[in-house]
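These notes concern the structure reproduced below.
In what follows, every chain begins at residue 1, and chains take the letters A, B, ... in the order their sequences are listed.
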Protein chains: 2
Amino acid sequence: MARTQGSHALTTGPKLREAALRLFAQKGYAAVSMRQIAAEVGVQVGALYNYTEDKQSLLFDLLQSHMQDLMAAWQVAQAGLMTPSQRLEAFTRFHIRYHLTRTDAVFISYMELRNLTPENFAKIETLRRAYEAQLQSILTEGQASGDFDLHDSKITALAVIAMLNGVLTWFRSDGRLSLDRVEGIYWDMVRRAVGCAP
Amino acid sequence: MARTQGSHALTTGPKLREAALRLFAQKGYAAVSMRQIAAEVGVQVGALYNYTEDKQSLLFDLLQSHMQDLMAAWQVAQAGLMTPSQRLEAFTRFHIRYHLTRTDAVFISYMELRNLTPENFAKIETLRRAYEAQLQSILTEGQASGDFDLHDSKITALAVIAMLNGVLTWFRSDGRLSLDRVEGIYWDMVRRAVGCAP
DNA sequence: GTCTATAATGGGATAGAC
DNA sequence: GTCTATCCCATTATAGAC
């Protein structure tokens, strides 16, 4: 028979983060109350404050973890790839695949930036820029080697990421197109947009 | 000497809409109070309810007007254009230019959809899909005529719009690149992404 | 049309018992 | 570590005076 009181330190922390991530993505940070989160976790509101300093820290920690995990995963995914073309295809497919498995985190990473304190906002922005710089360096390299033909590596990097993020708004795994097919279509569009021969 | 009471019917309505648009874009619908809006307008909170049924209607009216204005402006912009290539270039430049002058409305049109009631959400979605369909029909037409070479007109339309929307996050009129130059760079990327010869 | 005052509800966060 | 109870403050929306 389930306890209704007592210690659940091993599960409450992760459950808090999961519930907050889901609710923030669904309803927005400002529209979600600590009471709602507590109800999802299955504790009373007071208990949450054993795991987070306040609501703001909760949002910040979720965004920071997401960006750090993203950077780490990309470092692994791109290891050993040599040519700009290989690396660009890898980035395209990685970005789509990785983000599609974490749509909630991606969503709040774009939508809830304005609900961060200025200090926290600056930290997340730094991480986000570092990720964008990864793509930009691929483009610059390909431009220098003559593999790519593009006007401006910074703008192109932002345009490519914006285009890839668009996938998240409509892709459904039970939809008309498989993930692999979608990756292929986007890779073809990216490839041509940067002037890279097939 | 300024009146602090009395009728301001001719200015309060528009000022309410302007203030709400700006504040919703800055802080998010849920994070903005009717008191804050009233302070911006320069009236007490009770007076706002002469101009809007409630906060939800305020958001819905802003989004609906934005989408209706957008569609009307595009109808004008594309009138008389014949070839798929001309129409696609017109769409690209129109979308960038039009949205850059209304960043607040664009922002809330994407961010605050989840704060609409289901009924209101459905209405805005219908308008948004109609706009996307404009681009899709250009792509389908260009595909049929052989002017374009692309895999899927629906996905391509969504990808192009997502890419163009990316401009809004970084463009500054006093920045490194002029609006005309930016339009040109994006048109080149769009053109190549859809397999359209120069 | 706008004001002031108020109703009714819910918010984040904390104290102290267990 | 969690609970209950509570503080204090903000919220949307309305009523009635001017």
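Side chain of A:V43, nearest nucleotide from C:dA13, C:dT2, D:dC3: D:dC3. Checking C:dA13, D:dC3, C:dT2 against the side-chain heavy atoms of A:Q44 singles out D:dC3 as nearest.
Applying the salt bridge (charged side-chain N to carboxylate O under 4.0 Å, His left out) test to residues at least two apart or on different chains, the pairs with a partner in residues 36-61 of chain A are A:R22-A:E40. Sequence neighbours left out, the pairs with a member in residues 105-117 of chain B that pass salt bridge (charged side-chain N to carboxylate O under 4.0 Å, His left out) are A:E112-B:R114, A:R114-B:E112.
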Donor-acceptor contacts under 3.5 Å from residues 189-198 of chain A side chains, at least two apart:
unit_1, atom_1, unit_2, atom_2, d
A:R191, NE, A:D188, OD1, 3.4
A:R191, NH1, A:C196, O, 2.9
A:R191, NH2, A:D188, OD1, 3.0
A:R192, NH1, B:D149, O, 3.3
A:R192, NH1, B:D149, OD2, 3.3
A:R192, NH2, B:D149, O, 2.7
A:R192, NH2, B:A193, O, 3.1

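Listed by chain and residue number, B:R128 satisfy the salt bridge (Lys or Arg N to Asp or Glu O under 4.0 Å) test with B:E132 (two or more places apart in sequence, or in another chain). With sequence neighbours excluded, no residue satisfies salt bridge (Lys or Arg N to Asp or Glu O under 4.0 Å) with A:R35.
A:N50 has its CG atom 14 Å from the P atom of C:dA13, to the nearest Å. Rounding to whole angstrom units, OH of residue A:Y49 and C1' of C:dG16 are separated by 17 Å. Taking atom CG on A:L48 and atom C1' on D:dG1, their separation rounds to 12 Å, with Å as the unit. Atoms CG (B:L58) and C1' (D:dA13) sit 14 Å apart, rounded to a whole Å. In this structure, CD of B:Q56 is placed 18 Å from P of D:dT11, rounded to the nearest angstrom.
Applying the 4.5 Å side-chain rule to ILVMFWY residues, one finds that B:L81 remains a lone member of its cluster. Through side-chain heavy atoms spaced under 4.5 Å, either directly or across other Ile, Leu, Val, Met, Phe, Trp or Tyr residues, A:F107 is tied to A:M111, B:F107, B:M111.
Of the residues in residues 18-26 of chain A, not one comes within less than 4.0 Å of DNA chain C through any heavy atom.
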Dump the pairs, protein N or O against N or O of nucleotides 5-11 of chain C, anything under 3.5 Å, distances to one decimal.
unit_1, atom_1, unit_2, atom_2, d
C:dG11, OP1, A:S33, OG, 3.2

